[in-house]
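Shown next, in structure tokens, is the structure this report addresses.
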Amino acid sequence: MTTAEPVVHDVIVDAQGVSRAFAMPAGPVTAVRDVTLQIRSGDHVAIRGPSGCGKSTLLHMLGCVDAPTTGTLLFDSQDVSRLSDARRSRLRLRHIGFVFQRFFLLPMLTASENVELPMSEAGLARDARRKRAGELLEYVGLSARADHRPSQLSGGEMQRVAIARALANGPRLLLADEPTGELDEATGAQIASLLDQVNQSGTALVIVTHDPTLAGRATRVLSMRDGRIDD
């Protein structure tokens with residue numbers, strides 16, 4: 001029996017009173033506390049706060065990598081905690097893109113092959129994924145570097161490849177965790193402009209960042225402290 005794809009809604013993620021606790025030897029530690037938040041199509045949201053306040057944990061829940069301990073988190077009206085691991089993986093593959101501070105490109109693959117990887121996992125034919133990888137590398141300004149491996153690229157170029165990879169399957173939601181944290185100011189500004197461009201094309205964007213300049217580009221800025229959203 002095949003599983004139907006999620007129905008598209010304006011509200012992509014609907015988190016209602018979500019908390020996330022982790023079992024530790026000294027007792028449970030609650031990283032996210034009673035957060036209520038909606039992410040809609042086309043949103044541009046920045047989440048700020050001190051280290052250890054729960055930003056990345058919240059991002060992982062919004063991206064269906066993790067499920068809340070308490071509360072309800074819906075993705076396109078589907079309760080994430082009730083999905084099997086396989087269905088959650090498929091949902092992430094088809095509908096969510098991730099960009100990280102440290103790029104996480106596979107060193108043995110070229111830029112083009114790194115971009116192709118999620119399309120291969122989604123079962124896209126070889127010729128089609130090569131064509132789309134070329135289009136995405138052109139979109140991020142790296143057509144001339146398609147055959148270069150990560151060790152032959154600058155930090156900014158690696159992050160551009162990572163963004164192209166995150167867009168490979170046409171996600172509705174792009175999540176970025178400190179995407180400029182490893183970059184100098186000028187290169188970080190270029191990446192911020194590229195993320196703005198992705199958002200303006202219709203993809204919802206949620207960024208976790210310590211950088212007030214990057215956060216200031218968002219249309220909604222949320223502040224976290226001790227696992228809670230202050231505002």
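- Side-chain contact annotation: Q152 with R145, donor-acceptor N/O pair under 3.5 Å absent.
- Using a 4.5 Å heavy-atom threshold, the side chains of E178 and H210 count as touching.
- Relative orientation of the F100 and F98 rings is parallel, given thresholds of 30° and 60° on the angle between their planes.
- Donor-acceptor pairing under 3.5 Å is recorded for the side chains of S193 and R217.
- Side chain of S81 to main chain of A67: no donor-acceptor pair is present (N/O by atom type, distance under 3.5 Å, no hydrogens or angles).
- The closest donor-acceptor contact from the side chain of K55 to the backbone of G49 lies under 3.5 Å.
- A distance-only check finds no donor-acceptor pair linking the side chain of T180 to the backbone of L183 [under 3.5 Å].
- One N or O on the side chain of S84 and one on the backbone of R87 form a donor-acceptor pair closer than 3.5 Å.
- Salt bridge present: D43 and R220 bring a charged side-chain N and a carboxylate O closer than 4.0 Å.
- Within the 4.5 Å cutoff, the side chain of R172 has no heavy atoms near those of the T203 side chain.
- Shown here are the side-chain contact (heavy atoms from CB on, under 4.5 Å) partners of E182, two or more places apart in sequence or in another chain: Q101, R102, F103.
- Between atom CG of residue L137 and atom CG of residue L142 there is a gap of 6.0 Å, rounded to the nearest 0.5 Å.
- For N169 (side chain) and L93 (main-chain N/O), a donor-acceptor pair under 3.5 Å exists by modelled atom type.
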Hey, mind stepping through N199 and Q197 against side-chain hydrogen bond (donor to acceptor under 3.5 Å, both in side chains) and telling me if it holds? CA-CA 5 Å; N199 174 246; Q197 183 178 333; over 6 Å; no
Step-by-step side-chain contact (heavy atoms from CB on, under 4.5 Å) determination, I47 to I207: CA-CA 6 Å; I47 303 175; I207 298 176; over 6 Å; no
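- Side-chain contact between L205 and L195: present, with at least one pair of heavy atoms (C-beta onward) separated by less than 4.5 Å.
- Under a 3.5 Å cut-off, the side chain of T187 and the backbone N or O of D184 do not form any donor-acceptor pair.
- Taken from CD in E135 to CG in L167, the straight-line distance is 12.5 Å, to the nearest 0.5 Å.
- Across every non-hydrogen atom of P179 and Q159, the tightest pair is O-NE2, 2.7 Å.
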Just do the side-chain contact (heavy atoms from CB on, under 4.5 Å) check on L37 and Q16 with the steps written out, would you? CA-CA 7 Å; L37 173 66; Q16 297 293 323; over 6 Å; no
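- Between L105 and R149 there is no side-chain heavy-atom pair separated by less than 4.5 Å.
- In this structure, a donor-acceptor pair under 3.5 Å is present between the side chains of R92 and S89.
- Using a distance-only test at 3.5 Å, with no hydrogens or angles considered, no donor-acceptor pair links the side chain of R48 to the main chain of M224.
- A donor-acceptor contact closer than 3.5 angstrom is absent between the side chains of D211 and T209.
- V35 and L175 end up in the same hydrophobic cluster when Ile, Leu, Val, Met, Phe, Trp and Tyr side chains are linked at under 4.5 Å.
- Counting heavy atoms from C-beta on, the side chains of P68 and R20 never come closer than 4.5 Å.
- The shortest distance between side-chain heavy atoms of V161 and L153 falls below 4.5 Å.
- By the 4.5 Å heavy-atom criterion applied to side chains, V13 and Q38 are not counted as neighbours.
- Contact annotation: the side chain of R40 never approaches that of I12 to less than 4.5 Å [non-hydrogen atoms, C-beta and beyond].
- At distances below 3.5 Å, at least one donor-acceptor pair connects side-chain atoms of T219 with backbone N or O atoms of H44.
- Residues satisfying the side-chain hydrogen bond (donor to acceptor under 3.5 Å, both in side chains) criterion with D177, sequence neighbours excluded, are S56.
- Under the side chain to side chain donor-acceptor pair (under 3.5 Å) rule, E116 has a single partner from R126, R132, R165, R129, which is R129.
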